[in-house]
2 protein chains.
Amino acid sequence: MSTVASPVVTIDGVVFQLLDDQLCVLLVRRDHEPFAKKWALAGGFIARNETSHQALERALRAKTGVALKDLPFVEQLYTFDTDAVHGGNAISLIYFALYRGGNNSLPDTAQFFPVDSLPELAYNHADIVIYARDRLRSKVMYTNAMFALLPPHFTLPQLQSAYEAVLGYALDKRNFRKKFLLLGLTEMTDTYERAGAHRPARLHRFKQQQLQSLSRSFT
Amino acid sequence: MSTVASPVVTIDGVVFQLLDDQLCVLLVRRDHEPFAKKWALAGGFIARNETSHQALERALRAKTGVALKDLPFVEQLYTFDTDAVHGGNAISLIYFALYRGGNNSLPDTAQFFPVDSLPELAYNHADIVIYARDRLRSKVMYTNAMFALLPPHFTLPQLQSAYEAVLGYALDKRNFRKKFLLLGLTEMTDTYERAGAHRPARLHRFKQQQLQSLSRSFT
DNA sequence: ACAAAAGTGTTAAGAATACACCCATGT
DNA sequence: ACATGGGTGTATTCTTAACACTTTTGT
(Lines give C-alpha, C1' and ligand atoms only; values in the text may rest on other atoms or scores of the structure.)
Protein backbone atom coordinates (compact mmCIF):
# COMPACT_ATOMS: atom_id res chain seq x y z
CA MET A 1 0.00 0.00 0.00
CA SER A 2 1.36 3.42 -0.91
CA THR A 3 1.67 6.49 1.25
CA VAL A 4 -1.59 8.27 1.99
CA ALA A 5 -2.04 12.01 2.49
CA SER A 6 -2.47 12.42 6.23
CA PRO A 7 -3.23 15.34 8.48
CA VAL A 8 -0.39 17.41 9.86
CA VAL A 9 0.65 16.17 13.28
CA THR A 10 1.83 18.43 16.06
CA ILE A 11 2.91 17.90 19.61
CA ASP A 12 2.55 20.08 22.71
CA GLY A 13 3.65 19.62 26.28
CA VAL A 14 1.93 20.74 29.45
CA VAL A 15 4.72 20.96 32.01
CA PHE A 16 3.73 21.60 35.61
CA GLN A 17 5.87 22.68 38.49
CA LEU A 18 5.33 23.85 42.03
CA LEU A 19 6.79 27.26 42.69
CA ASP A 20 6.19 28.99 45.99
CA ASP A 21 3.35 26.60 46.87
CA GLN A 22 1.55 27.36 43.64
CA LEU A 23 0.96 25.02 40.75
CA CYS A 24 2.57 26.57 37.66
CA VAL A 25 2.66 25.70 33.99
CA LEU A 26 5.40 26.29 31.45
CA LEU A 27 4.51 28.63 28.60
CA VAL A 28 6.41 30.12 25.70
CA ARG A 29 5.85 33.44 24.02
CA ARG A 30 5.01 33.01 20.36
CA ASP A 31 7.10 34.82 17.83
CA HIS A 32 5.10 34.28 14.67
CA GLU A 33 1.52 34.29 13.49
CA PRO A 34 -0.91 32.89 14.25
CA PHE A 35 -1.21 34.19 17.80
CA ALA A 36 2.06 36.14 17.63
CA LYS A 37 3.01 37.59 21.03
CA LYS A 38 0.54 35.34 22.84
CA TRP A 39 1.70 32.71 25.28
CA ALA A 40 1.27 29.07 24.39
CA LEU A 41 2.30 25.57 25.38
CA ALA A 42 5.67 24.49 24.05
CA GLY A 43 5.29 22.40 20.93
CA GLY A 44 5.93 21.89 17.27
CA PHE A 45 5.49 19.63 14.31
CA ILE A 46 6.30 15.95 14.29
CA ALA A 47 8.57 15.08 11.41
CA ARG A 48 7.97 12.01 9.35
CA ASN A 49 10.98 10.16 10.68
CA GLU A 50 10.66 10.84 14.39
CA THR A 51 8.44 9.59 17.20
CA SER A 52 6.25 11.87 19.25
CA HIS A 53 8.72 11.60 22.13
CA GLN A 54 11.54 12.71 19.93
CA ALA A 55 9.49 15.62 18.67
CA LEU A 56 8.58 16.57 22.23
CA GLU A 57 12.23 16.48 23.26
CA ARG A 58 13.20 18.61 20.29
CA ALA A 59 10.48 21.20 20.79
CA LEU A 60 10.88 21.52 24.56
CA ARG A 61 14.64 21.81 24.29
CA ALA A 62 14.51 24.40 21.57
CA LYS A 63 11.82 26.59 23.10
CA THR A 64 12.38 26.26 26.83
CA GLY A 65 15.74 24.62 27.39
CA VAL A 66 14.06 21.83 29.36
CA ALA A 67 15.17 18.30 28.46
CA LEU A 68 12.96 15.23 28.69
CA LYS A 69 15.42 13.62 31.10
CA ASP A 70 14.71 16.45 33.55
CA LEU A 71 11.03 15.51 33.62
CA PRO A 72 10.55 12.77 36.20
CA PHE A 73 7.02 12.16 34.93
CA VAL A 74 5.80 12.30 31.32
CA GLU A 75 2.52 10.89 30.12
CA GLN A 76 0.19 11.26 27.21
CA LEU A 77 -2.70 13.58 27.95
CA TYR A 78 -5.01 13.68 24.95
CA THR A 79 -5.01 13.92 21.18
CA PHE A 80 -7.03 16.70 19.62
CA ASP A 81 -8.35 17.11 16.13
CA THR A 82 -7.99 20.68 15.13
CA ASP A 83 -10.00 21.76 12.14
CA ALA A 84 -8.72 23.46 9.08
CA VAL A 85 -5.29 24.64 10.11
CA HIS A 86 -2.66 24.90 7.40
CA GLY A 87 -5.09 23.90 4.69
CA GLY A 88 -6.19 20.58 6.17
CA ASN A 89 -6.96 19.07 9.51
CA ALA A 90 -4.29 18.85 12.13
CA ILE A 91 -3.83 16.33 14.90
CA SER A 92 -2.26 17.51 18.14
CA LEU A 93 -0.74 15.05 20.55
CA ILE A 94 -0.62 16.59 23.99
CA TYR A 95 1.78 15.33 26.61
CA PHE A 96 1.70 16.21 30.23
CA ALA A 97 4.75 16.29 32.46
CA LEU A 98 5.97 17.21 35.91
CA TYR A 99 9.13 19.14 36.62
CA ARG A 100 11.03 20.32 39.66
CA GLY A 101 13.94 22.27 38.24
CA GLY A 102 12.96 25.75 39.39
CA ASN A 103 12.64 28.86 37.32
CA ASN A 104 16.28 29.34 36.45
CA SER A 105 17.93 28.69 33.13
CA LEU A 106 14.82 29.40 31.11
CA PRO A 107 15.18 31.66 28.08
CA ASP A 108 13.39 35.03 28.13
CA THR A 109 10.64 33.66 25.97
CA ALA A 110 9.70 30.84 28.36
CA GLN A 111 8.22 31.16 31.81
CA PHE A 112 6.25 29.29 34.45
CA PHE A 113 2.88 30.89 35.23
CA PRO A 114 0.61 30.04 38.15
CA VAL A 115 -2.30 28.08 36.74
CA ASP A 116 -4.70 30.36 38.55
CA SER A 117 -3.49 33.47 36.79
CA LEU A 118 -2.58 32.59 33.24
CA PRO A 119 -2.17 35.13 30.47
CA GLU A 120 -4.34 34.82 27.41
CA LEU A 121 -3.29 31.67 25.58
CA ALA A 122 -3.06 30.74 21.91
CA TYR A 123 -5.29 28.14 20.25
CA ASN A 124 -7.30 26.05 22.74
CA HIS A 125 -4.39 25.87 25.12
CA ALA A 126 -6.32 27.35 28.02
CA ASP A 127 -8.76 24.42 27.85
CA ILE A 128 -5.89 22.00 27.60
CA VAL A 129 -4.29 23.37 30.74
CA ILE A 130 -7.57 22.96 32.61
CA TYR A 131 -7.88 19.41 31.36
CA ALA A 132 -4.29 18.64 32.33
CA ARG A 133 -4.84 20.08 35.76
CA ASP A 134 -7.82 17.79 36.28
CA ARG A 135 -5.72 14.86 35.20
CA LEU A 136 -2.99 15.86 37.62
CA ARG A 137 -5.50 16.11 40.43
CA SER A 138 -6.64 12.56 39.91
CA LYS A 139 -3.11 11.27 39.34
CA VAL A 140 -1.92 12.49 42.71
CA MET A 141 -4.91 10.82 44.31
CA TYR A 142 -4.36 7.31 43.03
CA THR A 143 -0.64 7.25 42.29
CA ASN A 144 2.60 8.44 43.87
CA ALA A 145 2.97 11.08 41.11
CA MET A 146 3.74 13.72 43.70
CA PHE A 147 7.32 12.47 43.83
CA ALA A 148 7.86 14.26 40.53
CA LEU A 149 6.82 17.65 41.88
CA LEU A 150 8.88 17.60 45.06
CA PRO A 151 12.62 17.72 45.65
CA PRO A 152 14.24 14.42 46.67
CA HIS A 153 13.99 15.39 50.35
CA PHE A 154 11.05 17.28 51.76
CA THR A 155 9.21 17.87 55.00
CA LEU A 156 5.70 16.64 55.66
CA PRO A 157 4.33 20.20 55.80
CA GLN A 158 5.87 20.77 52.35
CA LEU A 159 4.27 17.58 51.12
CA GLN A 160 0.92 18.59 52.49
CA SER A 161 1.01 22.01 50.90
CA ALA A 162 2.00 20.39 47.61
CA TYR A 163 -1.14 18.28 47.78
CA GLU A 164 -3.15 21.33 48.69
CA ALA A 165 -1.76 23.29 45.76
CA VAL A 166 -2.60 20.51 43.32
CA LEU A 167 -5.98 19.61 44.75
CA GLY A 168 -7.05 23.18 45.37
CA TYR A 169 -8.32 22.78 48.89
CA ALA A 170 -6.97 22.56 52.43
CA LEU A 171 -6.35 19.30 54.25
CA ASP A 172 -6.38 18.47 57.93
CA LYS A 173 -2.82 18.16 59.17
CA ARG A 174 -3.28 15.18 61.45
CA ASN A 175 -5.44 13.20 59.08
CA PHE A 176 -3.12 13.96 56.19
CA ARG A 177 -0.07 12.67 58.00
CA LYS A 178 -1.79 9.61 59.31
CA LYS A 179 -3.24 8.61 55.95
CA PHE A 180 -0.18 9.44 53.94
CA LEU A 181 2.28 7.65 56.18
CA LEU A 182 0.00 4.61 56.16
CA LEU A 183 0.51 4.37 52.39
CA GLY A 184 4.15 3.62 52.99
CA LEU A 185 5.33 5.52 49.91
CA THR A 186 7.94 7.47 51.80
CA GLU A 187 10.55 6.95 54.45
CA MET A 188 12.00 9.25 57.07
CA THR A 189 15.58 10.38 56.92
CA ASP A 190 17.49 11.32 60.04
CA THR A 191 18.04 14.89 58.95
CA TYR A 192 15.97 17.94 59.76
CA GLU A 193 15.30 21.20 58.06
CA ARG A 194 15.89 24.25 60.25
CA ALA A 195 13.95 27.16 58.82
CA GLY A 196 13.20 30.02 61.14
CA ALA A 197 12.14 30.51 64.69
CA HIS A 198 10.37 27.22 65.23
CA ARG A 199 10.83 23.53 65.61
CA PRO A 200 12.79 21.93 62.75
CA ALA A 201 10.93 19.59 60.42
CA ARG A 202 12.05 16.09 59.65
CA LEU A 203 12.98 15.36 56.04
CA HIS A 204 11.36 12.47 54.21
CA ARG A 205 11.88 10.95 50.78
CA PHE A 206 9.87 8.83 48.35
CA LYS A 207 11.00 5.23 48.23
CA GLN A 208 10.24 5.04 44.51
CA GLN A 209 11.00 7.65 41.89
CA GLN A 210 8.83 5.85 39.36
CA LEU A 211 5.09 5.97 39.04
CA GLN A 212 3.16 3.39 41.02
CA SER A 213 -0.54 3.03 41.68
CA LEU A 214 -1.85 3.17 45.20
CA SER A 215 -3.76 0.33 46.76
CA ARG A 216 -6.13 2.76 48.42
CA SER A 217 -6.85 6.06 46.77
CA PHE A 218 -5.70 9.10 48.66
CA THR A 219 -7.76 12.04 49.99
CA MET B 1 4.37 28.31 7.34
CA SER B 2 4.24 25.66 4.67
CA THR B 3 3.10 22.08 4.97
CA VAL B 4 5.50 19.80 6.81
CA ALA B 5 6.06 16.13 6.11
CA SER B 6 4.22 14.36 8.90
CA PRO B 7 3.85 10.76 9.94
CA VAL B 8 1.04 8.71 8.52
CA VAL B 9 -1.96 8.76 10.83
CA THR B 10 -4.28 5.83 11.33
CA ILE B 11 -7.31 5.19 13.47
CA ASP B 12 -8.58 2.03 15.12
CA GLY B 13 -11.62 1.30 17.22
CA VAL B 14 -11.96 -1.09 20.14
CA VAL B 15 -15.68 -1.86 20.27
CA PHE B 16 -16.93 -3.85 23.23
CA GLN B 17 -20.21 -5.63 23.67
CA LEU B 18 -21.71 -8.05 26.15
CA LEU B 19 -22.85 -11.27 24.53
CA ASP B 20 -24.08 -14.11 26.64
CA ASP B 21 -22.61 -12.57 29.80
CA GLN B 22 -19.18 -12.34 28.25
CA LEU B 23 -17.30 -9.21 27.34
CA CYS B 24 -16.59 -9.33 23.61
CA VAL B 25 -14.62 -7.20 21.20
CA LEU B 26 -15.25 -6.49 17.54
CA LEU B 27 -12.58 -7.74 15.14
CA VAL B 28 -12.20 -7.85 11.39
CA ARG B 29 -10.39 -10.40 9.30
CA ARG B 30 -7.60 -8.77 7.31
CA ASP B 31 -7.58 -9.32 3.60
CA HIS B 32 -4.18 -7.95 2.68
CA GLU B 33 -0.62 -7.98 3.91
CA PRO B 34 0.71 -7.22 6.41
CA PHE B 35 -0.99 -9.72 8.70
CA ALA B 36 -3.26 -11.09 5.95
CA LYS B 37 -5.84 -13.52 7.33
CA LYS B 38 -5.20 -12.40 10.89
CA TRP B 39 -7.88 -10.69 12.93
CA ALA B 40 -7.47 -7.04 13.85
CA LEU B 41 -9.29 -4.03 15.23
CA ALA B 42 -11.36 -2.14 12.67
CA GLY B 43 -9.45 0.85 11.40
CA GLY B 44 -7.86 2.70 8.56
CA PHE B 45 -6.03 5.81 7.49
CA ILE B 46 -7.12 9.31 8.32
CA ALA B 47 -7.33 11.42 5.20
CA ARG B 48 -6.00 14.92 5.18
CA ASN B 49 -9.41 16.53 5.04
CA GLU B 50 -11.27 14.56 7.67
CA THR B 51 -11.31 14.43 11.45
CA SER B 52 -10.50 11.31 13.40
CA HIS B 53 -14.19 10.84 14.13
CA GLN B 54 -15.02 10.95 10.47
CA ALA B 55 -12.29 8.45 9.72
CA LEU B 56 -13.56 6.20 12.49
CA GLU B 57 -17.08 6.36 11.13
CA ARG B 58 -15.86 5.57 7.64
CA ALA B 59 -13.65 2.65 8.67
CA LEU B 60 -16.16 1.08 11.04
CA ARG B 61 -18.97 1.37 8.52
CA ALA B 62 -16.96 -0.08 5.70
CA LYS B 63 -15.44 -2.98 7.61
CA THR B 64 -18.11 -3.94 10.10
CA GLY B 65 -21.33 -2.21 9.12
CA VAL B 66 -21.48 -0.54 12.54
CA ALA B 67 -22.27 3.17 12.51
CA LEU B 68 -21.03 5.66 15.09
CA LYS B 69 -24.58 6.60 15.98
CA ASP B 70 -25.12 3.01 17.14
CA LEU B 71 -22.35 3.39 19.69
CA PRO B 72 -23.81 4.94 22.84
CA PHE B 73 -20.32 5.52 24.20
CA VAL B 74 -17.20 6.54 22.26
CA GLU B 75 -14.04 7.87 23.83
CA GLN B 76 -10.41 8.27 22.96
CA LEU B 77 -8.25 5.51 24.36
CA TYR B 78 -4.63 6.20 23.50
CA THR B 79 -2.37 7.33 20.69
CA PHE B 80 0.49 5.06 19.75
CA ASP B 81 3.65 5.76 17.88
CA THR B 82 4.40 2.87 15.64
CA ASP B 83 7.90 2.71 14.27
CA ALA B 84 8.92 2.39 10.71
CA VAL B 85 5.71 1.36 9.00
CA HIS B 86 5.24 2.45 5.41
CA GLY B 87 8.67 4.00 5.25
CA GLY B 88 8.25 6.40 8.16
CA ASN B 89 6.70 6.50 11.57
CA ALA B 90 2.99 6.08 11.96
CA ILE B 91 0.69 7.47 14.59
CA SER B 92 -2.35 5.43 15.58
CA LEU B 93 -5.29 7.03 17.31
CA ILE B 94 -7.22 4.40 19.18
CA TYR B 95 -10.84 4.92 20.11
CA PHE B 96 -12.79 2.80 22.47
CA ALA B 97 -16.53 2.31 22.25
CA LEU B 98 -19.43 0.37 23.71
CA TYR B 99 -22.16 -1.28 21.68
CA ARG B 100 -25.32 -3.23 22.34
CA GLY B 101 -26.57 -4.16 18.89
CA GLY B 102 -26.06 -7.91 19.04
CA ASN B 103 -24.20 -10.08 16.63
CA ASN B 104 -26.53 -9.77 13.67
CA SER B 105 -25.97 -7.76 10.52
CA LEU B 106 -22.21 -8.08 10.64
CA PRO B 107 -20.45 -9.04 7.42
CA ASP B 108 -18.64 -12.41 7.30
CA THR B 109 -15.32 -10.69 7.85
CA ALA B 110 -16.33 -9.06 11.13
CA GLN B 111 -17.13 -10.78 14.38
CA PHE B 112 -17.33 -10.24 18.14
CA PHE B 113 -14.89 -12.42 20.10
CA PRO B 114 -14.90 -12.97 23.85
CA VAL B 115 -11.98 -10.99 25.26
CA ASP B 116 -10.84 -14.07 27.15
CA SER B 117 -10.41 -16.15 24.03
CA LEU B 118 -9.16 -13.95 21.25
CA PRO B 119 -7.55 -15.26 18.09
CA GLU B 120 -4.04 -14.13 17.26
CA LEU B 121 -4.21 -10.44 16.45
CA ALA B 122 -2.35 -8.24 13.98
CA TYR B 123 0.12 -5.52 15.04
CA ASN B 124 0.00 -4.73 18.77
CA HIS B 125 -3.75 -5.06 18.85
CA ALA B 126 -3.73 -7.70 21.55
CA ASP B 127 -2.04 -5.24 23.92
CA ILE B 128 -4.47 -2.54 22.92
CA VAL B 129 -7.43 -4.75 23.77
CA ILE B 130 -5.95 -5.43 27.19
CA TYR B 131 -5.40 -1.73 27.75
CA ALA B 132 -8.94 -0.94 26.62
CA ARG B 133 -10.32 -3.56 28.91
CA ASP B 134 -8.52 -1.99 31.85
CA ARG B 135 -9.93 1.37 30.91
CA LEU B 136 -13.41 -0.09 30.70
CA ARG B 137 -13.01 -1.65 34.11
CA SER B 138 -12.22 1.67 35.69
CA LYS B 139 -14.88 3.51 33.69
CA VAL B 140 -17.66 1.32 35.01
CA MET B 141 -16.39 1.91 38.52
CA TYR B 142 -16.54 5.68 38.54
CA THR B 143 -19.09 6.46 35.84
CA ASN B 144 -22.46 5.20 34.66
CA ALA B 145 -20.82 3.82 31.48
CA MET B 146 -22.63 0.53 31.96
CA PHE B 147 -25.73 2.07 30.39
CA ALA B 148 -24.02 1.68 27.05
CA LEU B 149 -23.56 -2.08 27.39
CA LEU B 150 -27.08 -2.91 28.51
CA PRO B 151 -30.42 -2.77 26.71
CA PRO B 152 -32.72 0.09 27.72
CA HIS B 153 -34.54 -2.16 30.18
CA PHE B 154 -32.77 -4.78 32.24
CA THR B 155 -33.10 -6.73 35.45
CA LEU B 156 -30.83 -6.27 38.43
CA PRO B 157 -29.39 -9.77 38.04
CA GLN B 158 -28.53 -8.86 34.43
CA LEU B 159 -26.93 -5.67 35.63
CA GLN B 160 -24.91 -7.52 38.21
CA SER B 161 -23.63 -10.08 35.76
CA ALA B 162 -22.71 -7.27 33.37
CA TYR B 163 -20.54 -5.78 36.10
CA GLU B 164 -19.10 -9.17 36.84
CA ALA B 165 -18.25 -9.74 33.18
CA VAL B 166 -16.50 -6.40 32.92
CA LEU B 167 -14.73 -6.51 36.26
CA GLY B 168 -13.81 -10.15 36.01
CA TYR B 169 -14.87 -11.24 39.46
CA ALA B 170 -18.05 -12.13 41.32
CA LEU B 171 -20.01 -9.71 43.46
CA ASP B 172 -22.22 -10.28 46.47
CA LYS B 173 -25.84 -9.98 45.39
CA ARG B 174 -27.16 -8.12 48.41
CA ASN B 175 -24.27 -5.70 48.66
CA PHE B 176 -24.37 -5.08 44.93
CA ARG B 177 -28.04 -4.16 44.92
CA LYS B 178 -27.78 -2.03 48.01
CA LYS B 179 -24.79 -0.06 46.79
CA PHE B 180 -25.98 0.26 43.22
CA LEU B 181 -29.48 1.40 44.07
CA LEU B 182 -28.03 3.94 46.49
CA LEU B 183 -26.25 5.61 43.55
CA GLY B 184 -29.63 6.53 42.13
CA LEU B 185 -28.54 6.04 38.51
CA THR B 186 -31.50 3.87 37.64
CA GLU B 187 -35.22 3.71 38.23
CA MET B 188 -37.62 0.79 38.46
CA THR B 189 -40.26 0.25 35.84
CA ASP B 190 -43.50 -1.52 36.67
CA THR B 191 -42.87 -4.35 34.27
CA TYR B 192 -41.29 -7.71 34.95
CA GLU B 193 -39.38 -10.20 32.93
CA ARG B 194 -40.76 -13.74 33.11
CA ALA B 195 -38.03 -16.14 32.11
CA GLY B 196 -38.42 -19.72 33.18
CA ALA B 197 -39.61 -21.61 36.20
CA HIS B 198 -38.82 -19.00 38.79
CA ARG B 199 -39.84 -15.68 40.17
CA PRO B 200 -39.98 -12.88 37.56
CA ALA B 201 -37.43 -10.09 37.80
CA ARG B 202 -38.32 -6.45 37.84
CA LEU B 203 -37.05 -4.34 34.92
CA HIS B 204 -35.04 -1.21 35.59
CA ARG B 205 -33.64 1.51 33.35
CA PHE B 206 -30.86 4.10 33.53
CA LYS B 207 -32.13 7.62 34.07
CA GLN B 208 -29.36 9.04 31.89
CA GLN B 209 -28.14 7.68 28.60
CA GLN B 210 -25.13 9.99 28.68
CA LEU B 211 -21.95 9.53 30.60
CA GLN B 212 -21.86 10.95 34.09
CA SER B 213 -19.32 10.60 36.87
CA LEU B 214 -20.30 9.03 40.14
CA SER B 215 -20.02 10.85 43.42
CA ARG B 216 -18.77 7.71 45.13
CA SER B 217 -16.85 5.17 43.14
CA PHE B 218 -18.48 1.82 42.74
CA THR B 219 -17.20 -1.63 43.83
C1' DA C 1 -44.20 -30.47 45.75
C1' DC C 2 -40.13 -29.28 43.85
C1' DA C 3 -36.63 -26.80 41.29
C1' DA C 4 -34.72 -22.39 40.07
C1' DA C 5 -33.68 -17.78 40.22
C1' DA C 6 -35.41 -13.19 42.55
C1' DG C 7 -35.52 -10.64 46.37
C1' DT C 8 -34.42 -8.95 51.18
C1' DG C 9 -31.39 -7.01 56.61
C1' DT C 10 -28.22 -7.24 60.11
C1' DT C 11 -23.79 -7.33 62.20
C1' DA C 12 -18.87 -6.50 62.50
C1' DA C 13 -14.66 -4.40 60.87
C1' DG C 14 -12.32 -0.82 58.74
C1' DA C 15 -11.94 3.92 56.91
C1' DA C 16 -12.87 8.80 57.11
C1' DT C 17 -13.62 12.87 59.69
C1' DA C 18 -13.57 16.27 63.27
C1' DC C 19 -11.03 18.30 66.64
C1' DA C 20 -6.90 20.92 70.53
C1' DC C 21 -2.81 20.86 72.71
C1' DC C 22 2.39 20.30 73.50
C1' DC C 23 7.20 20.66 71.32
C1' DA C 24 11.49 22.68 69.56
C1' DT C 25 13.55 26.39 67.80
C1' DG C 26 15.25 31.66 66.91
C1' DT C 27 15.01 36.14 68.52
C1' DA D 1 9.46 34.87 77.37
C1' DC D 2 7.25 34.81 73.33
C1' DA D 3 6.18 33.90 68.59
C1' DT D 4 6.25 30.49 64.98
C1' DG D 5 5.37 26.49 62.71
C1' DG D 6 6.17 21.11 63.72
C1' DG D 7 4.32 17.33 65.70
C1' DT D 8 0.85 14.09 68.00
C1' DG D 9 -4.25 10.87 69.56
C1' DT D 10 -9.01 9.90 70.27
C1' DA D 11 -13.93 9.57 69.60
C1' DT D 12 -17.61 9.47 66.15
C1' DT D 13 -19.62 8.61 61.82
C1' DC D 14 -19.77 6.40 57.65
C1' DT D 15 -18.55 2.77 54.49
C1' DT D 16 -17.55 -1.87 53.37
C1' DA D 17 -17.88 -6.79 53.77
C1' DA D 18 -19.68 -11.05 55.26
C1' DC D 19 -23.46 -13.86 55.49
C1' DA D 20 -28.88 -17.22 54.84
C1' DC D 21 -33.46 -17.45 54.25
C1' DT D 22 -38.09 -16.35 52.02
C1' DT D 23 -40.70 -15.37 47.64
C1' DT D 24 -42.60 -16.27 43.17
C1' DT D 25 -42.98 -18.68 39.36
C1' DG D 26 -43.27 -23.10 35.83
C1' DT D 27 -43.62 -27.88 35.55
Side-chain angles (χ1 to χ4, degrees), chain A residues 18 20-22 137-138 140-142 150-151 153-165 167-205 213-219, chain B residues 18 20-22 137-138 140-142 150-151 153-165 167-205 213-219:
Chain A
L18 287 172
D20 197 21
D21 286 339
Q22 284 191 98
R137 255 194 285 260
S138 50
V140 300
M141 289 202 282
Y142 68 89
L150 287 171
H153 296 260
F154 51 87
T155 68
L156 290 181
Q158 275 166 29
L159 179 67
Q160 179 177 344
S161 71
Y163 274 98
E164 289 175 337
L167 295 174
Y169 50 86
L171 300 171
D172 177 88
K173 184 167 46 157
R174 279 172 292 186
N175 293 338
F176 173 81
R177 296 165 79 103
K178 201 188 324 167
K179 237 163 105 182
F180 188 86
L181 294 175
L182 201 70
L183 292 176
L185 298 178
T186 53
E187 54 197 7
M188 294 192 308
T189 70
D190 48 6
T191 55
Y192 291 81
E193 183 180 83
R194 273 164 227 78
H198 56 82
R199 181 170 174 175
R202 185 154 214 155
L203 289 169
H204 293 246
R205 66 166 158 251
S213 294
L214 306 185
S215 41
R216 275 187 270 295
S217 132
F218 179 72
T219 296
Chain B
L18 287 172
D20 198 20
D21 286 340
Q22 285 191 96
R137 254 194 285 259
S138 49
V140 300
M141 289 203 282
Y142 68 88
L150 287 172
H153 296 260
F154 52 85
T155 68
L156 290 180
Q158 275 167 28
L159 179 67
Q160 180 177 344
S161 72
Y163 274 98
E164 290 174 338
L167 296 174
Y169 50 85
L171 300 171
D172 177 87
K173 182 167 47 155
R174 280 171 291 188
N175 293 337
F176 173 81
R177 297 166 77 103
K178 202 185 326 165
K179 237 163 107 182
F180 189 87
L181 293 175
L182 201 69
L183 292 176
L185 297 178
T186 53
E187 54 198 5
M188 294 194 305
T189 68
D190 48 6
T191 55
Y192 292 82
E193 184 179 83
R194 273 164 226 79
H198 56 83
R199 179 169 175 174
R202 185 156 212 153
L203 289 169
H204 294 245
R205 67 167 157 251
S213 294
L214 306 185
S215 40
R216 275 188 271 294
S217 130
F218 179 72
T219 295

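Naming convention: chains lettered A, B, ... in sequence-line order (proteins, then strands); numbering from 1 in each chain. Values reported hereafter were calculated over all heavy atoms of this structure, with side chains retained and with hydrogens, waters and symmetry mates removed.
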Taking the side chain of A/K179 as heavy atoms from C-beta outward, which of D/dC19, C/dA16, C/dC19 is closest to it? C/dA16
Whole-Å distance separating the CG atom of A/L171 from the C1' atom of C/dC19: 16 Å
May I have the distance from B/F176 (atom CZ) to C/dG7 (atom P), rounded to whole angstrom? 12 Å
Rounded to whole Å, CD of A/Q160 lies from P of D/dG5 at a distance of 14 Å
Just by modelled atom types, is the B/E187 backbone N or O under 3.5 Å from a matching donor or acceptor in the B/R205 side chain? no
What distance separates A/R177 CZ from A/K173 NZ, expressed to the nearest 0.5 Å? 7.0 Å
Check nucleotides 10-14 of chain D against the protein and report each pair of N or O atoms closer than 3.5 Å, with its distance, or say if there are none.
residue: D/dT10; atom: O4; partner: A/K178; partner atom: NZ; Å: 2.9

Can you check side chain to side chain contact (heavy atoms under 4.5 Å, CB included) on B/L167 and B/M141, steps first, answer last? CA-CA 9 Å; B/L167 296 174; B/M141 289 203 282; 3.9 Å; yes
Taking atom P of C/dA6 as reference, at what distance in whole Å does atom CZ of B/F154 sit? 14 Å
Using heavy atoms and a sub-4.0 Å distance, could you list which residues of residues 185-202 of chain A are near DNA chain D? By number, please. A/A197, A/H198, A/R199, A/P200, A/A201, A/R202
Starting from C1' on D/dG6, measure out to CG on A/L159 and report it in whole angstrom. 14 Å
Just report the end-to-end axis angle for the helix from C/dA1-D/dT27 to C/dT27-D/dA1, five pairs per end, to 10 degrees. 10°
In whole Å, what is the span from the CG atom of A/L181 to the P atom of D/dG9? 12 Å
If I take atom CZ from residue B/F154 and atom CD from residue B/E193, how far apart are they, to the nearest 0.5 angstrom? 11.5 Å
To the nearest angstrom, how far is A/D172 atom CG from D/dG7 atom P? 15 Å
Once rounded to the nearest 0.5 Å, what's the spacing between atom CG of B/D172 and atom NZ of B/K178? 7.5 Å
Nearest-Å distance for atom pair CZ/C1', residues B/R177 and D/dC21: 15 Å
Heavy-atom side-chain proximity of A/L181 to A/L156 below 4.5 angstrom: yes
When the nearest nucleotide of DNA chain C is assigned to B/T155 and to B/R174 on a heavy-atom basis, which residue is associated with the more 5' position? B/T155
